[in-house]
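What follows is a single structure, written as structure tokens, with notes after it.
Residues take their numbers from the sequence shown, with the count starting at 1. Just so it is clear, the model here is predicted, and its values are computed rather than measured.
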Amino acid sequence: VQLQAYGGGLVQTGGSLRLSCAASGSRFGITSMGWYRQTPGKERELVAMLSVGGTSNYGDFVKGRFTISGDNSKSTVYLQMDSMAPEDTAVYYCFANKGRAAFNYATIDYWGQGTQVTVSS
């Protein structure tokens, strides 16, 4: 499975960004897709995850600001990030998993390239 992420960039506090991630290759068996994020010196943390059945999960810090959605036919997920804060500055990594819950970054099957998100104060 190959993952191609789009979006990211620089936004002011309170602004919005939209990330997208498309899977290609051996997509059969993918059970969930989403994003983790990472800042220097910290472990990757779950931002949002969407199962093929439509169940979504978010990191506690999201607090209703972000929305994950997807298109199973295209194996693509979207992350709409609103009311962004400087603490959201990080490298965001798209992921896809087959058969296992993706609550632990160590169990992720496939990673996309990271995309930098910077929120200016």
Are [X] and [Y] close enough that some pair of their side-chain heavy atoms sits under 4.5 Å apart?
| X | Y | answer |
| --- | --- | --- |
| Leu46 | Phe103 | yes |
| Val119 | Gln12 | no |
| Leu10 | Ser120 | yes |
| Gln80 | Ser16 | yes |
| Val47 | Phe95 | no |
| Met33 | Leu50 | no |

If you round to the nearest 0.5 Å, how far is OG1 of Thr67 from CG of Asp82?
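Result: 6.5 Å between the selected atoms.
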Spatial distance of atom CH2 (Trp35) from atom CD (Glu45) [nearest 0.5 Å]
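If we round to the nearest 0.5 Å, Trp35:CH2 and Glu45:CD are 15.5 Å apart.
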Among pairs that include at least one residue of residues 84-94, which meet side-chain hydrogen bond (donor to acceptor under 3.5 Å, both in side chains), considering only residues two or more places apart or in two chains?
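Sorted pair list: Arg37-Asp88, Arg37-Tyr92, Arg65-Asp88.
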Residue pairs fulfilling side-chain hydrogen bond (donor to acceptor under 3.5 Å, both in side chains) with at least one residue in residues 68-78, sequence neighbours excluded
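Applying side-chain hydrogen bond (donor to acceptor under 3.5 Å, both in side chains) to every pair that reaches into residues 68-78, excluding sequence neighbours, yields Arg27-Ser75, Asp71-Ser73.
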Derivation of the side chain to side chain contact (heavy atoms under 4.5 Å, CB included) call for Asn97 and Met49:
CA-CA 10 Å; Asn97 248 27; Met49 172 174 61; over 6 Å; no
Scan residues 70-121 for pairs that pass disulfide (SG to SG under 2.5 Å), counting only residues two or more places apart or in two chains.
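Found Cys21-Cys94.
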Face-on cation placement of Arg44 at Trp111 ring, 6.0 Å and 45° thresholds:
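Cation-pi check for Arg44 and Trp111: passes.
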Atom CG of Asp60: over 12 foreign heavy atoms under 6.0 Å
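Atom CG in Asp60 is not crowded, with 12 or fewer foreign heavy atoms closer than 6.0 Å.
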